[in-house]
2 protein chains.
Amino acid sequence: MRTTPEPGKRAYQSTEQRQSETIEAVVHLCAEQDPSSLTTARIAQKVGVSQGALFKHFPNKSSLWESVAGWVAGQLTTQVFSVADQYEQADKALEAMFLAHIGFIARHPGIPRLMLGELQKPGNQPAKRIIRQTLALYRQKIVSLLHRGIEQQHITPSIDTEAAAVLYIGAIQGLVVQAMVGGDIASIEQSAPRIFKLFSASFRETSHDPKE
Amino acid sequence: MRTTPEPGKRAYQSTEQRQSETIEAVVHLCAEQDPSSLTTARIAQKVGVSQGALFKHFPNKSSLWESVAGWVAGQLTTQVFSVADQYEQADKALEAMFLAHIGFIARHPGIPRLMLGELQKPGNQPAKRIIRQTLALYRQKIVSLLHRGIEQQHITPSIDTEAAAVLYIGAIQGLVVQAMVGGDIASIEQSAPRIFKLFSASFRETSHDPKE
DNA sequence: CAAAAGAAAGTAATTAATTACTTTATTCTG
DNA sequence: CAGAATAAAGTAATTAATTACTTTCTTTTG
């Protein structure tokens with residue numbers, strides 16, 4: 001059924017516009033639904049368009065997933081990495097990055113589901129490759145920040161940086177899983193600082209260590 | 001595979017036998033395939049039975065998932081918790097539990113996929129409830145071990161035990177995700193001790209000097 | 001104890017729904 | 001008007017579940 005468009009509003013959108021609307025819809029839907037059970041019909045409904053129309057803007061579903069993965073990767077890079085670059089002190093940068101990441105997830109609760117869902121898929125599909133690549137980049141960023149922290153003498157030089165990177169990502173994962181279990185995704189922003197504090201205790205330089 | 005006590009060949013298996021065979025098949029299949037894409041036909045094929053025969057032993061698919069979740073919960077409890085109970089010293093118990101958990105995952109690579117897959121499902125389906133409950137029990141176990149460690153003066157009393165429990169589970173998650181990215185699940189057993197060492201550095205009591 | 005009777009486990013084929021994707025016709029916009 | 005965007009109505013494939021029927025195991029009973 002067609003409704004007459006309101007005056008001043010475009011009834012028909014450009015392909016680019018529809019593409020980003022669709023990506024946004026997928027990200028939103030993932031907040032309340034398992035990505036693997038997302039149907040093109042449900043996505044189209046969210047966009048406010050017929051199911052078939054989706055294929056005017058994406059050649060197929062897996063291509064849509066690829067676009068979504070690309071969007072996530074881009075957002076993570078710009079929103080999280082850029083925060084880290086604002087700090088001279090490496091340990092402060094790590095903390096800010098951690099909190100920015102948690103904030104990003106809190107604003108987009110579907111993201112963890114999305115990324116985990118992609119990683120669970122077998123094979124080397126494009127979307128999985130993008131997520132994989134982004135995670136590798138992330139790990140690299142953390143390791144280099146840790147090294148800078150050692151140079152700045154804010155991080156103990158005896159630290160196992162590779163292990164710390166895994167634990168850093170794990171800390172985020174732990175928060176997310178905890179939130180999934182509790183069903184309360186907003187709560188992670190509250191507990192995030194406590195988790196990071198504990199995490200950083202494992203490598204904080206203890207040259208001055210006043211007992212309280 | 002269980003052998004019948006008598007050497008006579010048995011063409012038809014008992015429902016109980018088929019049920020556990022089916023659960024085993026699902027766990028194995030999850031090691032190489034996204035759980036949400038597992039079809040009853042594929043499962044039946046693995047068991048070596050017709051697709052329809054599955055429904056002689058399970059009323060429906062979701063009931064099968066419930067059984068699988070129950071199996072996982074049981075195995076985690078018996079295999080991981082029992083290890084912890086063998087140690088008097090709480091921090092040693094935590095480490096043994098951590099390594100036992102990683103070993104369990106290495107032996108059953110489908111388990112993380114299974115659990116994460118269940119948690120991603122919306123609503124309060126039985127299988128999800130079981131996983132959720134198991135995780136809660138797990139968290140509780142860690143917290144109580146931490147408290148015992150404080151009493152034994154092996155763990156610093158200033159520790160945020162709730163945060164530590166999240167970080168502990170996160171450390172396992174981080175290892176698993178890292179393995180998923182790398183595609184090499186066997187590697188986690190190798191890196192596990194390093195991760196735990198770093199994790200425990202965040203709360204190890206340094207003033208105390210235990211004899212070993 | 002053996003044969004009949006029934007219960008349980010199995011198969012192959014089918015069904016109703018659902019899915020990603022396609023085709024056709026219609027409507028909007030520059 | 002021409003081309004792009006859309007809706008509506010398809011299609012073929014896949015899926016969980018059911019069905020009608022057969023085979024095997026267990027129990028009852030004369």
Side-chain angles (χ1 to χ4, degrees), chain A residues 1-23 25-26 29 33-68 117 121-123 125-127, chain B residues 1-26 29-30 33-68 117 121-123 125-127:
Chain A
M1 173 146 42
R2 308 288 304 261
T3 52
T4 33
E6 294 176 30
K9 261 193 179 174
R10 273 181 68 107
Y12 285 11
Q13 305 290 332
S14 71
T15 284
E16 280 190 4
Q17 179 70 23
R18 281 294 190 222
Q19 281 173 341
S20 55
E21 278 177 22
T22 305
I23 291 168
V26 169
L29 283 170
Q33 188 167 160
D34 181 16
S36 70
S37 73
L38 256 191
T39 67
T40 52
R42 181 79 185 87
I43 296 167
Q45 183 195 35
K46 186 84 173 183
V47 177
V49 107
S50 75
Q51 187 250 354
L54 238 52
F55 293 90
K56 279 296 227 180
H57 311 298
F58 295 94
N60 49 50
K61 201 189 183 185
S62 110
S63 156
L64 165 56
W65 279 113
E66 187 178 344
S67 297
V68 171
K121 287 181 189 169
Q125 280 172 311
Chain B
M1 172 122 57
R2 250 183 49 192
T3 52
T4 39
E6 294 192 358
K9 258 172 79 179
R10 219 188 133 88
Y12 283 13
Q13 303 291 330
S14 73
T15 283
E16 280 190 3
Q17 179 70 22
R18 282 295 190 221
Q19 281 173 341
S20 55
E21 278 177 22
T22 306
I23 291 168
E24 191 188 355
V26 169
L29 284 170
C30 282
Q33 187 166 164
D34 180 15
S36 70
S37 73
L38 256 192
T39 67
T40 52
R42 182 81 185 86
I43 296 166
Q45 182 195 34
K46 186 85 171 183
V47 176
V49 105
S50 73
Q51 185 253 347
L54 239 51
F55 293 90
K56 294 280 182 189
H57 312 297
F58 295 95
N60 50 49
K61 202 188 182 185
S62 109
S63 156
L64 165 57
W65 280 113
E66 188 177 344
S67 296
V68 172
K121 287 181 190 170
Q125 281 173 308

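Quick note: numbers below take in every heavy atom, side chains included, and nothing from hydrogens, waters or symmetry partners. In what follows, chains carry the letters A, B, and so on, assigned in the order in which the sequence lines appear, proteins first and then strands, with residues in each chain numbered from 1.
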Please find the pair of heavy atoms, one from [X] and one from [Y], that lie closest to each other, and give the distance.
| X | Y | answer |
| --- | --- | --- |
| A/L54 | A/T40 | CD2-O, 3.5 Å |
| A/S20 | A/Q17 | OG-O, 3.0 Å |
| B/S36 | B/D34 | OG-OD2, 2.9 Å |
| A/A44 | A/Q51 | CB-CA, 3.5 Å |

Between B/H57 and A/K61, which has a closest nucleotide on DNA chain C that is more 5'? B/H57
Rounding to an integer number of Å, can you tell me how far [X] [atom1] sits from [N] [atom2]?
| X | N | atom1 | atom2 | answer |
| --- | --- | --- | --- | --- |
| B/K56 | C/dA9 | NZ | C1' | 7 Å |
| B/R42 | D/dA13 | CZ | P | 21 Å |
| B/F58 | D/dT18 | CZ | P | 15 Å |
| A/E21 | D/dT6 | CD | C1' | 13 Å |
| A/I43 | C/dT19 | CD1 | P | 11 Å |
| B/Y12 | D/dT24 | OH | C1' | 5 Å |
| B/Q17 | D/dC25 | CD | C1' | 15 Å |
| B/L54 | D/dT15 | CG | P | 14 Å |

I want to check something: taking the side chain as every heavy atom from C-beta on, are A/I43 and A/V49 in contact at a cut-off of under 4.5 Å? no
Does the side chain of A/W65 reach to within under 4.5 Å of the side chain of A/P126, using non-hydrogen atoms? no
Checking D/dT23, C/dA20, D/dT6 against the side chain of A/F55 (C-beta onward), the nearest is C/dA20
Do any side-chain nitrogens or oxygens of B/T15 fall under 4.0 Å of OP1 or OP2 in C/dA9? yes
side-chain N/O B/R18 vs C/dG10 OP1/OP2, d < 4.0 Å: yes
In short, salt bridge (Lys or Arg N to Asp or Glu O under 4.0 Å) pairs touching residues 40-63 of chain A with sequence neighbours left out are A/E32-A/R42
Over all strands shown, is B/L38 touching base, sugar-phosphate only, or nothing at heavy-atom distances under 4.0 angstrom? sugar-phosphate
DNA chain C-proximal residues of residues 45-53 of chain A, any heavy atom under 4.0 Å: A/Q51, A/G52
